[in-house]
Amino acid sequence: MKDLLDTVAKPARYIGGELNARPFDMGAKVKIAMCFPDVYEVGMSHLGMKILYHLVNDTQGAACARVFTPWPDYADALRAAGRKLTALEGGLELSAFDAVAFTLPYEMCFTNILETLDLGGVPVRSDDRGDGDPLVIAGGVCAFNPAPLSPFIDAFSIGDGEESMLDIISAIRDSDTRSARLVALSRAPGVYVPALHDGHTIITKRVVADLDAAYFPSEFVVPYLETVHDRAVLEVARGCTRGCRFCQAGMLYRPPRERSAATLAAQGESLIRSTGYDELSLCALSAGDYSGLADLSAALTKRLSGMRVKLSLPSLRVDSAIASSMGDAFETDVRKSSLTFAPEAGTQRLRDVINKGVTEENALRAAREAMAAGVNNIKLYCMIGLPTETEEDVAGIAGMVRRMLNIADTNRRPRVSLSVAPFVPKPFTPFQWAAQDTIPAIQGKISYLKTRMPRSVTLHWHDPSLSRLEACFSRGDRRIGGVMEAAWRGGCRFDGWTEQFKPELWENAFERTGVDPAYYANRERMLDEPLPWDIIDAGVSKEFLREEYLRAVAGDVTRDCREGGCQSCGLNAGRFDGRCPRAAVHSL
Amino acid sequence: MRLFIAFEKSFALRHIGHLDLLRVTQRALRRSGLPVAYSQGFNPHMLIAFASPLPVGQSGREELVDVTFEGYVDGATCLTALKAAMPPGLPPKLARAVSDDHPKLMAMLREASYLIRADGADSLAAAVPAFLARKEIPATRVSKSGSTRVDIRPMLRELGYIEALSAFHARVSFTERETLKPDLLVRSLAEFAGAPEPDTLIERVRLFGEKQGFAAPLMDC
Ligand code: SF4
């Protein structure tokens with residue numbers, strides 16, 4: 001009588017059929033399963049996934065269906081019933097697709113890739129796949145170091161996906177056998193096929209030069225369940241020029257490009273009309289830097305007047321006057337009366353090391369202004385274990401929090417919460433050579449911080465063993481892939497979810513495979529040491545990153561290239577006719 | 001002005017909860033471009049009210065919602081616009097204009113009818129005549145605050161077995177003071193027949209109000 005879905009939590013994760021979901025064309029020559037290696041509510045909030053889903057479906061001869069990793073209850077129920085995971089559209093098992101494509105948004109979802117493939121009836125290792133099996137493709141931020149996942153992924157798409165996806169579709173459409181398709185893929189620019197790679201050819205990332213011309217969907221699928229970001233989203237810009245030295249996205253998404261206010265306003269209107277969302281959020285690594293904000297806000301006001309749409313920015317930048325430029329054209333969201341910002345470090349010295357161009361003074365001023373405007377909650381984000389950090393820097397976090405508590409002249413105090421994350425060195429950042437603190441060192445710093453923190457402050461911290469794992473994945477090689485498989489076979493999945501993370505099983509997997517996590521996480525790399533991701537050209541040059549690392553250690557700041565002129569990060573050399581398309585300022 | 005709108009919550013969407021349904025309906029109304037009225041005040045919200053939230057796991061053949069519009073909207077226009085705006089699993093069926101002072105759906109609600117598919121329904125069916133012949137049907141209602149004994153016989157208006165569908169059809173009272181939930185009904189029947197409590201799939205077929213002393217579809221009340 002009952003279906004499997006009647007027995008699991010939140011069955012709406014698995015039923016599909018939402019507003020604007022596309023009917024699946026069974027007759028399409030190229031069938032792609034677009035997979036997100038996390039649960040539905042997270043995956044449905046991911047902009048890249050939305051773009052690619054609609055892009056493939058809008059391409060002649062191609063059909064795309066969505067897949068999200070089933071939560072453990074449903075995964076176990078499927079296995080117990082001897083059933084395979086099917087895509088939300090069309091009901092095909094993963095093994096019946098031509099390609100199974102994964103977005104790789106963060107390292108802690110890696111085991112979910114193996115879990116999803118296995119549940120869908122696809123052999124998890126590339127070597128075990130044959131002619132009847134789909135190609136397994138992956139792209140996104142974590143594809144820039146493909147090594148740890150290369151035992152499992154047939155082809156990596158490096159860089160912006162909009163144009164690359166069309167090449168991938170053609171490669172699949174124009175060949176019939178698995179091996180011919182792999183050869184065709186390996187010839188596409190920006191695609192890395194581990195099985196066919198010679199070990200030294202450089203794979204250059206794809207860059208969409210003109211965001212205005214890039215594909216963007218006119219509608220989003222509107223979920224039944226409330227998702228993490230349940231609203232319409234515009235990508236106002238890609239790339240960031242601020243040059244924070246720990247930030248991988250800031251380096252990977254260079255060169256900075258903006259969409260014109262006119263294009264965005266049209267996209268915003270069509271999204272609002274097709275979805276019925278009452279909230280439109282502007283998204284970019286640093287949305288407050290978008291140069292056309294005033295124009296965009298005016299154009300959207302005109303197009304959406306009377307539709308009661310709230311315009312929201314994901315992060316209020318400390319040193320910009322976004323709020324005033326937005327005017328009162330849009331309804332403000334009264335529920336969100338909190339100010340979030342990330343000074344990342346507790347002293348000016350360390351903020352200079354990481355090149356975070358925020359001073360405590362402007363942070364305090366922004367907080368004071370926000371308080372005056374009725375904001376009561378202040379959320380701070382800091383890292384510990386940053387290169388060159390001393391006890392004084394850790395104590396500095398507590399000092400800054402104290403001063404934040406005392407900003408109001410009256411007896412009204414803000415409610416302050418502080419999130420502390422251990423620093424994780426990432427490929428293609430100036431800190432890619434740096435060591436991560438050991439788990440005991442991180443624990444020591446957290447306890448030290450706790451003793452110095454005023455009691456009224458809520459302190460959250462990331463599990464240091466999770467951060468160590470993230471460091472192993474991010475700078476890992478193929479051997480880390482082996483550890484990952486062992487851990488997954490031992491029962492690890494959804495590692496990014498605290499309640500699902502099983503550190504003992506991971507310890508066990510490292511031991512059994514004879515891999516020492518400290519070798520990957522806690523060792524400073526030599527500047528001339530070959531790195532697993534050297535075969536990838538991410539745009540920023542190794543020379544620039546090395547130079548930046550040395551400047552960091554010396555405490556020298558590097559200016560934002562929109563203000564201080566080109567810093568020759570590498571994007572200017574040998575492409576875009578030698579001119580970096582940085583921050584071309586658009587107007588209506 | 002106000003319109004009563006009837007829509008179906010299809011079997012495939014039985015797992016969608018009431019709050020999710022509310023959000024989807026609000027979005028569909030916004031998408032439809034119909035001039036829905038909003039409340040005044042600091043945090044304005046759409047003026048819509050469902051007759052009765054449908055529990056997670058149940059589908060509904062004729063769920064009702066009361067929507068207030070700014071200005072005049074005729075039923076046919078509303079239905080056409082909503083058909084294009086609602087997701088496939090929630091097709092709108094009917095729309096009917098009512099006056100501004102018409103009673104609220106929830107206040108008019110008296111009864112509900114259900115189609116109940118249950119494991120081993122055919123064997124339970126044999127017990128129905130004797131079950132209905134009882135003067136009193138004591139049952140245990142379990143809630144968060146504990147369990148209470150109630151007599152469900154007065155709340156049970158109709159109970160029959162439809163062989164072609166292998167399902168029970170039941171009409172029960174559905175007011176604030178007296179509501180008989182279909183799962184409690186099935187549990188009591190199973191208990192009476194000496195059978196274990198079966199797994200069920202429940203569809204709410206229709207909501208009823210009262211017209212001239214008789215039960216009438218709520219949509220017409
Ligand atoms: S090439 Fe120059 S202008 Fe372009 S992103 Fe790099 S530093 Fe900035």
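None of the values given here were measured: they were computed from a predicted structure. Numbered from 1 within each chain, the chains take letters A, B, ... in sequence-line order.
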Contacting region of [X] [heavy-atom separation from chain A under 4.5 Å]:
X         : value
Arg117(B) : both
Ile16(B)  : side chain
Ala28(B)  : neither
Leu29(B)  : neither

Heavy-atom distances under 4.5 Å only: say whether Asn20(A) touches chain B with side chain, backbone, both or neither. side chain
Judged by atom type as modelled, is there a donor-acceptor pair below 3.5 Å linking the side chain of Tyr224(A) to the main-chain atoms of Gly17(A)? yes
Arg153(B) side chain to Leu156(B) main-chain N or O, any donor-acceptor pair under 3.5 Å?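 Side chain of Arg153(B) to backbone of Leu156(B): a pair is present.
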Report yes if the side chains of [X] and [Y] come closer than 4.5 Å at any heavy-atom pair, otherwise no.
X         : Y         : value
Phe208(B) : Arg171(B) : yes
Phe168(B) : Leu185(B) : no
Leu22(B)  : Ile48(B)  : yes

Name the option with the most non-hydrogen atom pairs under 4.5 Å to chain B; the candidates are Glu18(A), Lys10(A), Arg273(A). Arg273(A)
So which residue, Val222(A), Asp3(A), Ile15(A), Asp278(A), ends up with the most heavy-atom pairs under 4.5 Å with chain B?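 Top option by heavy-atom pairs under 4.5 Å: Asp278(A).
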Ring-plane angle category for Phe36(A) and Phe68(A), please: parallel below 30°, perpendicular beyond 60°, tilted otherwise.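 The rings of Phe36(A) and Phe68(A) sit tilted, inter-plane angle from 30° to 60°.
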